[in-house]
Student: 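Below you will find the structure I want to go over with you.
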Amino acid sequence: MSATATVRALSYENINPHVKTAKYAVRGELAVRSEEYRAKLAKGEGKDLPFDTVIAANIGNPQQLDQKPITFFRQVASIMENPELLEKEEVLTKGLGYKPDVVARAKKLLAAVKSVGAYSQSHGAPAIRESVAKFIERRDGYPAEAEHVYLSAGASSGVNTLLHIMCSKPESGILVPIPQYPLYTATLAVLDARVVPYYLDESQAWGTNLGEIKSAYDKAIAEGTDVKAIVIINPGNPTGASLPAEDIKSVLEFAAEKKLVVMADEVYQTNVFQGEFISFKKALRDLQKEVPKKFDNIELASLHSVSKGMVGECGHRGGYFELIGFDEKVAAEIYKFISIQLCPPVMGQCIVEMMVNPPKEGEPSYELYKQEYDGIFDGLKKRAYALYEAFKQMEGVSCNTPAGSMYLFPTITIPEKAIAQAKKEGREPDDFYCFRLLDATGVCVVAGSGFGQKEGTLHFRTTFLAPGTDWVGRIVKFHKEFMDEFRD
């Protein structure tokens, strides 16, 4: 070793191996390359690129893709950040057009949190947790208690907390749907715990298959896995599925039989285009009413977030989870765990409160709120179906009808020559396809292998958040040229 060589305490070889094992495709190599293209175009250096804009269809990040913030939320937030504006209330209402209920909500929230620059209770401000509990009651028709609501830095923070609490040893296992949002497999990798994969049924609109869940559970038990919980993502990510009542009921029945915690990731609950959203909380309470005692042992954690829906406030990092049926001592340990992280962002908590308690009919801000909310929903649905219709035209591509969330997850069948070329380049075939798509069009999607998929199948996940339909045409054109290039 030369005298000038730098010696560091940390090297790739001696850092936590479980972090190195974790994979998170949504922000992986494809996303990094797309950002390099974006930076190049921004500097005016992209004359050699075959596109003039980058479309980040790889991540559910609505406001990056020009979704406008809801006016009521941002006006209240502006007062929360600068309460001195209340000393010029007339300027707000007459000069800037703030409605009286905007000012009233800001005053109410400031009374609850004092300042968005101050810590709150570890699990969130009591008044905001109370507001969340009332929302859950209105949604489900069953009581909810604020003491069982934990505000969090987005739903991801809640997932992280719950998995940390449950995974007590390397043999701990969690049933995770495949395909899945890679937060679950990545977090379990970091925790050195086991993923117990169960495959969703693509032929049944990506629904849950009880037989598949049972066989995955039995296999894991036979391998010595201590299966603690089952994760359900409804509406689905990456699949865009919206689960029917029968699927939800069958999962709860299985969880009751096997004494599993149910983790219901319900962050897309307002993004439903077909049927209706049924919360796991409501389904559980219905079953408990129908069949007394049988379902009383179920522990359910349901999660929600301001990042999705029509709100799209990802950067504010607001969310919550509700605990149902948990032992008090376990809940106390959950509280201790989140206390170590101090508290979720207080502005994020305030956005949660506005999400669960938006302007009501008859209030001054309601008309604009409803106009903006419905406009966002209709725009998402329109783009979802435009993408779906495009996929239907593409050779070797099939896709389920858009049902919910912000994603489509089409199956792609590509020529053997393309698969051989992918192998030559050391890539999975769908990863190879997605890199070629990005390089040719500037559209960044995520390969299905990043979410998990059945052996022998290929997919990719795309959001339908980007405005306009020009980029959809780019995908169609690329696909035809790709198929022609590698045609057998």
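All values reported here derive from a predicted model rather than from experimental measurement. Note that these values count all heavy atoms, side chains included, but never hydrogens, waters or copies made by symmetry.
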Student: Given 3.5 Å as the limit, does a donor-acceptor pair link the side chain of Lys308 with the main chain of Val267, or not?
Tutor: no
Student: Looking only at the side chains, is there a donor atom on one of Arg317 and Ser307 sitting less than 3.5 Å from an acceptor on the other?
Tutor: yes
Student: Less than 4.5 Å apart, any side-chain heavy atom of Val356 and any of Ile128?
Tutor: no
Student: Would you call the rings of Tyr385 and Tyr388 parallel, tilted or perpendicular, taking 30° and 60° as the class edges?
Tutor: perpendicular
Student: Using side-chain heavy atoms (C-beta onward) and a distance below 4.5 Å, is Leu191 in contact with Cys167?
Tutor: yes
Student: For the residue pair Leu342 and Ser122, establish whether any side-chain heavy-atom pair is separated by less than 4.5 Å.
Tutor: no
Student: Side-chain contact, heavy-atom cut-off 4.5 Å: Phe51 with Val443?
Tutor: no
Student: So does Tyr119 have more than 12 non-hydrogen atoms from other groups sitting under 6.0 Å from OH?
Tutor: no
Student: Going by distance alone, is a donor N or O of one side chain under 3.5 Å from an acceptor N or O of the other, for Asn160 and Thr187?
Tutor: no
Student: Can you give me the closest heavy-atom contact between Thr185 and Val195, atom names plus distance?
Tutor: CG2-CG2, 3.8 Å
Student: Taking the side chain as everything from C-beta on, heavy atoms only, tell me whether Leu162 gets closer than 4.5 Å to Leu303.
Tutor: yes
Student: Verify the ring-centre separation between Phe321 and Tyr150: is it less than 6.0 angstrom?
Tutor: yes
Student: So that I can tick it off, tell me whether Lys282 and Asp286 are bridged by a salt bridge, with the cut-off set at under 4.0 angstrom between side-chain N and carboxylate O.
Tutor: yes
Student: Taking the basic N atoms (NZ, or NE/NH1/NH2) and the acidic carboxylate oxygens, is any pair closer than 4.0 Å for Asp140 and Arg285?
Tutor: no
Student: Please check if any side-chain donor atom of Tyr366 sits under 3.5 Å from a side-chain acceptor atom of Asp101, or the reverse.
Tutor: no
Student: How about Lys134: does its NZ atom have over 12 heavy atoms from other parts shown lying under 6.0 Å from it?
Tutor: no
Student: Between Arg74 and Glu313, is there a salt bridge with N-O shorter than 4.0 Å?
Tutor: yes
Student: Between Arg474 and Thr53, is any side-chain donor less than 3.5 angstrom from a side-chain acceptor?
Tutor: yes
Student: Hey, does the side chain of Asn271 reach the backbone of Gly309 with a donor-acceptor pair shorter than 3.5 angstrom?
Tutor: yes
Student: Side chains of Gln269 and Ser279: do they bring a donor and an acceptor to under 3.5 Å?
Tutor: no
Student: Rounded at 0.5 Å granularity, tell me how far CZ in Arg383 sits from CG in Asp378.
Tutor: 10.5 Å
Student: Counting only heavy atoms not in Glu367, do more than 12 sit closer than 6.0 Å to its CD atom?
Tutor: no
Student: Would Asn357 and Lys360 count as a side chain to side chain donor-acceptor pair (under 3.5 Å) if you check the C-alpha gap in whole Å, the side-chain angles of each, and the deciding distance to 0.1 Å?
Tutor: CA-CA 8 Å; Asn357 184 26; Lys360 297 177 181 60; 2.5 Å; yes
Student: When you look at NZ of Lys99, are more than 12 heavy atoms from neighbouring residues, nucleotides or ligands closer to it than 6.0 Å?
Tutor: no
Student: Suppose we call two aromatic rings close when their centres sit under 6.0 Å apart. Are Phe277 and Tyr268 close by that rule?
Tutor: no
Student: Got a sec: does the CD of Glu90 have more than 12 other heavy atoms crowding it under 6.0 Å?
Tutor: no
Student: Could you tell me whether Arg461 sits above the aromatic face of Tyr407, with NZ or CZ closer than 6.0 angstrom to the six-membered ring centre and within 45 degrees of the axis?
Tutor: yes
Student: Considering only NZ, NE, NH1 and NH2 on the basic side and carboxylate oxygens on the acidic side, decide whether Lys281 and Glu322 come within less than 4.0 Å.
Tutor: yes
Student: Quick one: sort the Tyr320 and His304 rings into parallel, tilted or perpendicular, breaks at 30° and 60°.
Tutor: perpendicular
Student: Side chains of Gln349 and Arg129: donor-acceptor distance under 3.5 Å anywhere?
Tutor: no
Student: Is there a side-chain contact between Arg105 and Ile79, using heavy atoms and a 4.5 Å cut-off?
Tutor: no
Student: Is there a side-chain contact between Val231 and Pro177, using heavy atoms and a 4.5 Å cut-off?
Tutor: yes
Student: Between His459 and Gln453, do the side chains contain an N or O donor and an N or O acceptor separated by less than 3.5 Å?
Tutor: yes
Student: Whether the Ser242 and Gln274 side chains hold a donor-acceptor pair (N or O, under 3.5 Å, no angle test) is what I'd like checked.
Tutor: no
Student: Distance alone, cut at 3.5 Å: any donor-acceptor contact between the side chains of Ser78 and Tyr98?
Tutor: yes
Student: Taking the side chain as C-beta and beyond, is there a heavy-atom pair between Tyr373 and Leu368 under 4.5 Å?
Tutor: no
Student: So Phe409 and Phe451, would you call those rings parallel, tilted or perpendicular, with 30° and 60° as cut-offs?
Tutor: perpendicular
Student: Do side-chain atoms of Ser405 reach the backbone of Gly236 as a donor and acceptor pair under 3.5 angstrom?
Tutor: yes
